[in-house]
Amino acid sequence: MADTGEAYGVVRDGLVAVVDGRITWVGPARAVPRELTAGTSRTLDGGGGWLTPGLIDCHTHLVFAGTRADEFEMRLRGMTYEEIARAGGGIQSTVTATRAATEEQLCDASEWRLESIAAHGVTTVEIKSGYGLDVDTELRMLRVARALGERLPVRVSRTLLAAHALPSEYRDRRDAYLDLVCATMIPHAVAERLAHAVDAFCEGIAFTVAECARVFDAAAAHGLPVRLHADQLSPFGGAELAARYRARSADHLEYATEAGCRALAAAGTTAVLLPGAYYTLGESRRPPVDALRRHGVPIAVATDLNPGSSPVTSPLLAMNMACVLFGLTPEEALAGMTRQAAPVLGLQGEVGVVSPGACADLALWDVDHPSELSYWIGANPCRVVVRGGEVHDPRK
Ligand code: DI6
Ligand code: FE
């Protein structure tokens with residue numbers, strides 16, 4: 001869909017021309033220049049379906065070992081996510097399982113999750129580390145993320161999230177762990193070209209504003225952009241910190257304040273809403289969507305696929321939840337998984353739009369209207385995925 005002024009940027013009876021994996025022309029089929037169609041080697045008939053940009057899931061933690069289904073049961077019996085984390089479960093339990101897995105085991109354990117996401121029309125996904133919390137395992141996770149992108153027709157953007165939790169062996173030695181993150185992990189990830197960005201979890205059960213700022217300073221010193229898990233479980237000043245560092249995104253934001261939203265807008269930072277975590281943890285505090293809109297903060301939506309707080313393997317379900325739970329319109333939800341998600345990964349103009357010059361990453365859907373992408377619950381109407389001009393059957 002292009003920017004035509006009509007809702008969703010709809011082009012009816014449209015045609016997209018692709019040369020060498022890039023879009024060269026978009027418009028109504030009747031208006032296509034003859035010289036463009038003359039040398040066409042392959043035509044794909046949309047058959048009355050809807051073509052959108054390939055979806056972008058800009059926030060996942062899909063590489064990990066084990067599950068946390070036991071904690072799901074504990075929460076249903078009344079324990080909270082924070083109580084489980086403080087009792088040694090939570091992220092730490094996935095860290096133990098992930099450290100014990102080889103690169104191949106981790107790849108095999110994670111592949112079906114990326115397959116599921118990709119089968120729902122996703123052509124770009126971000127994957128974070130953060131379940132290693134030691135040099136070897138953090139880098140291993142990023143290598144696995146890279147390998148998965150080579151196995152499947154998905155572009156994988158990799159984020160170092162070493163500041164996800166304090167590993168138990170560093171209890172009472174917080175600064176020593178942050179030294180390791182800043183002086184060893186970030187430089188190694190940069191040297192091996194494993195990370196496109198750096199993220200941190202700014203929260204009472206994770207790292208303080210000052211600690212996250214240290215990590216951001218180290219990232220900046222190595223030329224890496226930053227993002228932040230901000231104000232998810234408590235009002236913690238995360239949005240303000242993200243804005244101060246001109247982070248690409250501030251994610252979650254349930255407890256972000258009005259001032260925080262204003263700061264995000266001024267900094268050009270995107271708000272990434274993650275309704276899967278809100279839903280799974282049974283939260284009642286919604287992110288301040290109205291304030292984000294009022295201040296003009298770009299809004300993206302993602303699955304947050306992770307074993308603890310968001311075992312969501314469907315981007316369409318995340319879009320549905322963004323509408324039903326957070327009050328986004330289906331148009332905002334689709335934009336949040338396409339156009340608005342691209343800048344979060346530094347890929348604006350490259351993916352997330354159907355425009356000349358952009359990569360030919362597209363999804364074809366068996367629906368009568370694009371609002372249905374947010375409307376159906378548990379369905380997958382994706383018929384065809386195009387990645388860099390190559391056509392794929394999403395069910396294979
Ligand atoms: N916020 C989240 O929702 C995930 N990480 C984070 O910082 C949860 C990760 C987990 O519980 O395993
Ligand atoms: Fe997350």
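No hydrogens, no waters, no symmetry mates; every other heavy atom, side chains included, goes into these values. In listed order, ligands and their atoms are each counted from 1.
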With Asp179 as partner, the option from Arg173, Arg214, Arg174 fulfilling side-chain hydrogen bond (donor to acceptor under 3.5 Å, both in side chains) is Arg214
For the Fe ion (ligand 2), decide whether His252 has an N, O or S atom at a distance under 2.8 Å. no
Within the stated cut-off of 2.8 Å, is an N/O/S atom of Asp304 closer than that to the Fe ion (ligand 2)? yes
May I ask you to check whether [X] and [Y] show a side-chain donor-acceptor distance below 3.5 Å?
X      : Y      : result
Thr60  : Asp57  : no
Glu254 : Ser234 : no
His252 : Asp231 : no

Looking only at heavy atoms, is any part of Leu274 under 4.0 Å from ligand 1, and if so is it the side chain, the backbone, or both, or is it neither? neither
Identity and separation of the nearest protein heavy atom to [atom]:
atom                    : answer
atom 2 (C) of ligand 1  : Ser309 OG, 3.5 Å
atom 11 (O) of ligand 1 : Tyr81 OH, 2.5 Å
atom 5 (N) of ligand 1  : His164 NE2, 2.8 Å
atom 12 (O) of ligand 1 : Tyr131 OH, 2.6 Å
atom 1 (N) of ligand 1  : Gln232 OE1, 3.1 Å

Closest candidate by heavy atom, reference atom 6 (C) of ligand 1, pool Gln92, His252, His229, Glu203: His229
So His59 and His229, side-chain hydrogen bond (donor to acceptor under 3.5 Å, both in side chains) or not? Walk me through it. CA-CA 10 Å; His59 181 141; His229 282 71; 3.1 Å; yes
Check for me, please, whether Leu362 and Leu44 land in the same ILVMFWY cluster - side-chain distances under 4.5 Å, paths through other members count. yes
May I ask you to list the atoms of ligand 1 that are less than 4.0 angstrom from any heavy atom of [X]?
X      : value
Arg68  : 10 (C), 11 (O), 12 (O)
Ile91  : 9 (C), 10 (C), 11 (O), 12 (O)
Asn306 : 3 (O), 4 (C), 8 (C), 9 (C), 10 (C), 11 (O), 12 (O)

Carboxylate-amine/guanidinium contact Arg171 Glu169, below 4.0 Å: no
Electrostatic pair Arg22-Glu350, nearest N-O below 4.0 angstrom: yes
Report the name of the N/O/S atom of His61 located nearest to the Fe ion (ligand 2). NE2
Considering only heavy atoms from C-beta outward, does the side chain of Cys261 approach that of His295 to under 4.5 Å? yes
Where the Fe ion (ligand 2) is the vertex, angle from His59 NE2 to His229 NE2 to 10°: 90°
